[in-house]
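Below: the structure, in structure tokens.
To find a chain, count down the sequence lines: A is the first, B the second, and so on, and within it residues start at 1. The structure presented is a predicted model; accordingly, all values stated were derived computationally and were not measured.
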Amino acid sequence: MINLVVLPILIPLLIGVVLIFFKEYKNLQRILTVSSMLLVLLASTTLVYFAYADGIQTLALGDWPAPFGIILVGDLLSASLVWLASILGLVTLFYTYQTFTAEREYHYFHSFFLFLIVGVNGSFLTGDLFNLFVFFEVMLISSFILISFGSKKYQLRESLKYVIINTVSSMFFIIAVAYIYGVTGTLNMADLSIKVGELYEAGNSGILTVIGLVFLFVFGTKSAIFPLYFWLPHSYFAPPAAMAALFGGLLTKVGVYTVMRMYTLIFHHDQLIFNVLLIVGGLTMFIGVLGAVAQFDFKRILAVHIVSQVGYMIMGIGIGTSLAIAGTFYFLAHNIIVKSALFFFAGATEHVSGTTHLKKMSGLLKTHPYLGWLFFISAISLAGIPPLSGFFGKFALVVAGLEAGHYFVIFVSLLTGVLTLFSMMKIFITSFWGEVKFPDHAESEKKPVGRLLIPILPLVFLTILLGVAAEPFFAFSLEMGEQLTDPSIYIESVLKE
Amino acid sequence: MEILMIFMIGIFVSVATYLILTKSLLRVILGVVILSHAAHLLLLTLSGLKLGSPPLLGEEAASYADPLPQALILTAIVIGFGITAFMLVLAYRTYKAHGTDNFDELRGSEDD
């Protein structure tokens with residue numbers, strides 16, 4: 001399977017282009033989109049298997065050898081993230097079919113959804129900085145369109161800010177690419193890793209630290225780290241729940257992935273950058289969770305929580321040992337699954353009660369018990385209660401941090417965990433306990449919510465599975481940690497030396 | 001030549017920063033466009049301005065100009081066009097919906 005690595009990009013791209021011509025045929029669009037996502041899932045499962053069994057999979061496009069041509073790389077990290085992205089894409093599609101009005105689907109929704117998947121998968125799989133930029137843009141343009149879909153007043157206003165902030169940070173991406181091309185003369189990540197290492201040995205570290213920090217600004221804006229997160233809570237509140245789940249689960253995580261890739265592969269010589277990552281990570285998670293504690297709106301709490309969870313991952317990358325990287329990946333996978341499940345719950349609650357404001361609803365547990373208890377499982381999983389997946393990611397990060405001697409930031413992360421539990425329980429207590437009360441109470445007493453729960457079930461199942469059967473998954477993450485902290489493995493398999 | 005280019009890029013970036021920090025919607029978008037041009041020029045300049053021969057096989061093979069930055073800039077310009085067009089349309093819709101193009105009146109978090 002020599003072309004395996006390109007399939008998760010190629011399939012949605014082709015189907016997405018074809019679907020533009022079948023705008024009027026709703027059922028055909030649905031069938032084609034779902035089947036192409038199933039194909040992507042199949043391809044990425046195979047990719048994970050081969051990446052695990054045979055080592056890193058690479059594909060030189062057009063058969064140009066590595067530092068000159070465009071190369072796609074499927075190592076354990078990128079392959080498993082592509083797998084998670086396709087799972088999430090699939091459940092989001094099913095959720096969308098339950099909640100979207102028919103009018104939306106006639107406006108090229110499926111094509112842009114597939115192009116978003118193209119961008120996300122491409123960013124994970126590419127081995128070249130400029131192609132990373134291109135796939136980032138494909139992803140961003142699709143997300144611009146999906147986030148402003150429906151054109152409500154609030155939505156237009158917030159998506160405009162989202163578009164401008166992301167475009168400015170993309171321009172800084174080009175500036176950073178220009179600098180690093182000027183200094184090293186290459187854009188292939190494996191080749192960059194070697195050349196940057198040589199420059200550090202020659203003592204030219206100043207300019208490289210600057211470039212590393214410009215890249216941190218770019219990827220930090222995309223992944224919403226501490227001083228650059230201000231756009232996120234409003235923008236992710238604006239679109240409907242299905243889109244918020246897709247964005248909250250995937251887009252910021254692409255930013256985190258690029259931070260992981262850049263600072264484990266290319267700039268791993270520079271202790272200064274790792275210290276910056278640690279400090280920024282600590283600030284991000286603490287300030288994010290403070291924002292979440294202060295909110296009284298279901299969706300907004302979840303949106304602000306994304307910031308705090310990104311902080312954990314940045315902290316893990318800042319610690320930088322192989323155990324910490326393994327913990328970061330475990331937390332990343334857990335967060336992709338649980339965060340989107342929680343956004344789906346927000347959508348289901350809104351569907352039932354007609355509001356997302358916590359003070360306007362209560363007693364949902366009496367009318368919709370399954371919704372309540374499934375939400376409870378996801379909420380305590382997000383907070384990191386032991387038998388569920390959130391615990392193991394945090395546990396590995398804490399152990400790694402203590403081993404490396406970063407006691408203060410670990411203390412902050414534990415405090416953040418407590419506050420996370422507090423704010424999730426606030427949602428559970430105010431909206432699910434107590435007397436039955438919500439705005440359109442009378443006619444929605446028994447509004448069925450069962451079909452909305454179907455796409456959530458696989459996600460809840462995955463978070464339980466990642467917690468109860470943590471050992472094989474954790475062994476997988478540990479191997480990934482080893483692979484990422486030793487860049488020579490990546491370099492050898494890309495450059496075939 | 002490099003010095004001149006760097007000065008030009010600096011002026012572009014300052015103009016773009018000024019425009020992005022203003023309150024008017026259209027000026028902000030123009031600022032983003034100018035910033036993108038500054039970035040493209042920077043990419044061209046940093047990869048070496050050179051009076052070599054065109055990158056064609058067989059024509060003075062020793063003195064090729066580096067073709068890669070030009071390819072990169074071409075791609076970036078096309079992406080920039082797309083985003084600019086989308087931003088203008090979005091700004092127009094926002095203007096129609098809110099009846100203002102002033103960012104002071106577009107801020108806040110009321111849910112309507």
Side-chain angles (χ1 to χ4, degrees), chain A residues 68 70 128-131 133-138 140-142 144-145 147-148 151-188 207 211 233-234 237-238 295 297 299-300 355-357, chain B residues 2 9 12-13 16-17 20-21 25 28-29 31-48 66 68-69 71-73 75-80 82-101 103 105-112:
Chain A
F68 309 110
I70 294 166
D128 177 297
L129 266 187
F130 197 78
N131 278 296
F133 167 75
V134 173
F135 281 120
F136 246 102
E137 292 305 307
V138 172
L140 283 174
I141 295 178
S142 320
F144 295 160
I145 292 161
I147 213 167
S148 55
S151 327
K152 283 182 293 185
K153 259 179 112 176
Y154 180 84
Q155 221 179 342
L156 281 173
R157 191 177 70 189
E158 296 308 329
S159 46
L160 185 70
K161 294 170 197 168
Y162 173 79
V163 170
I164 288 171
I165 288 164
N166 274 296
T167 315
V168 170
S169 90
S170 296
M171 292 312 136
F172 275 92
F173 199 161
I174 301 184
I175 291 174
V177 164
Y179 276 129
I180 205 160
Y181 189 76
V183 173
T184 62
T186 178
L187 287 174
N188 182 289
I207 181 79
I211 296 170
H234 294 317
F237 177 77
Q295 299 289 343
D297 190 291
K299 248 165 112 183
R300 218 181 273 279
T355 178
T356 56
H357 202 281
Chain B
E2 270 88 353
I9 294 162
F12 270 37
V13 171
T17 313
I20 289 173
L21 291 179
L25 232 168
V28 172
I29 292 171
V32 174
V33 172
I34 292 177
L35 184 65
S36 81
H37 289 315
H40 301 154
L41 278 181
L42 189 74
L43 189 52
L44 190 68
T45 313
L46 279 186
S47 44
D66 186 357
L68 190 64
L72 301 185
I73 292 166
T75 317
I77 286 176
V78 172
I79 291 173
I83 290 186
T84 311
F86 178 73
M87 270 197 295
L88 287 171
V89 173
L90 188 64
Y92 180 68
R93 282 300 302 267
T94 314
Y95 169 71
K96 288 291 257 191
H98 286 266
T100 176
D101 68 340
F103 264 106
E105 291 163 36
L106 287 174
R107 71 180 182 190
S109 61
E110 314 86 66
D111 319 329
D112 58 317

Turns out that what part of A/Leu187 lies under 4.5 Å from chain B's heavy atoms comes down to side chain
Result for side-chain contact (heavy atoms from CB on, under 4.5 Å) between A/Glu137 and one of B/Ile83, B/Thr75, B/Val78 points to B/Ile83
Those residues at least two apart in sequence (or on a different chain) that pass side chain to side chain contact (heavy atoms under 4.5 Å, CB included) with A/Phe172 are A/Val168, A/Ile175, A/Phe217, A/Val218, B/Leu35
Note: B/His98 and A/Lys153 closest approach over all heavy atoms is NE2-O, 2.9 Å
| Validation row: B/Leu68, A/Tyr181 side chains within 4.5 angstrom (heavy atoms) | yes
To the nearest 0.5 Å, atom CG of B/Leu25 lies from atom CD1 of A/Ile164 at 6.0 Å
Practice task
Kindly indicate whether the side chain of B/Phe103, heavy atoms from C-beta on, has any atom under 4.5 Å from the side chain of A/Lys161.
Solution key: yes
The interface call for A/Ile141 against chain B, heavy-atom contacts under 4.5 Å, is side chain
Most contact-rich option vs chain A, by heavy-atom pairs under 4.5 angstrom, among B/Ser36, B/Gly80, B/Ala91, B/Gly82, is B/Ser36
If one checks every heavy atom of B/Ile20 against chain A at 4.5 Å, the contacting part turns out to be side chain
OH/A/Tyr179: more than 12 non-hydrogen atoms of other groups inside 6.0 Å
no
| request: Decide yes or no for A/Val163 and B/Phe86: does some side-chain heavy atom of the first lie under 4.5 Å from some side-chain heavy atom of the second? | output: yes
Closest non-hydrogen atoms of A/Leu156 and B/Ala97, given as atom of the first, atom of the second and distance, are CD1-CB, 3.7 Å
Query raised in the report: Within a strict 4.5 Å, meaning less than it, do heavy atoms of the A/Phe144 and B/Leu90 side chains meet?
Result: no
side-chain contact (heavy atoms from CB on, under 4.5 Å) test vs A/Thr167 passes for just one of B/Thr84, B/Val32, B/Val33, namely B/Val32
So NE2 of B/His37 and CE of A/Met171: to nearest 0.5 Å the spacing works out to 9.5 Å
Between the CG atom in B/Leu72 and the CD1 atom in A/Ile174, the distance rounded to the nearest 0.5 Å is 9.5 Å
Scored by heavy-atom pairs under 4.5 Å with chain A, the best of B/Leu44, B/Ile73, B/Leu43 is B/Leu43
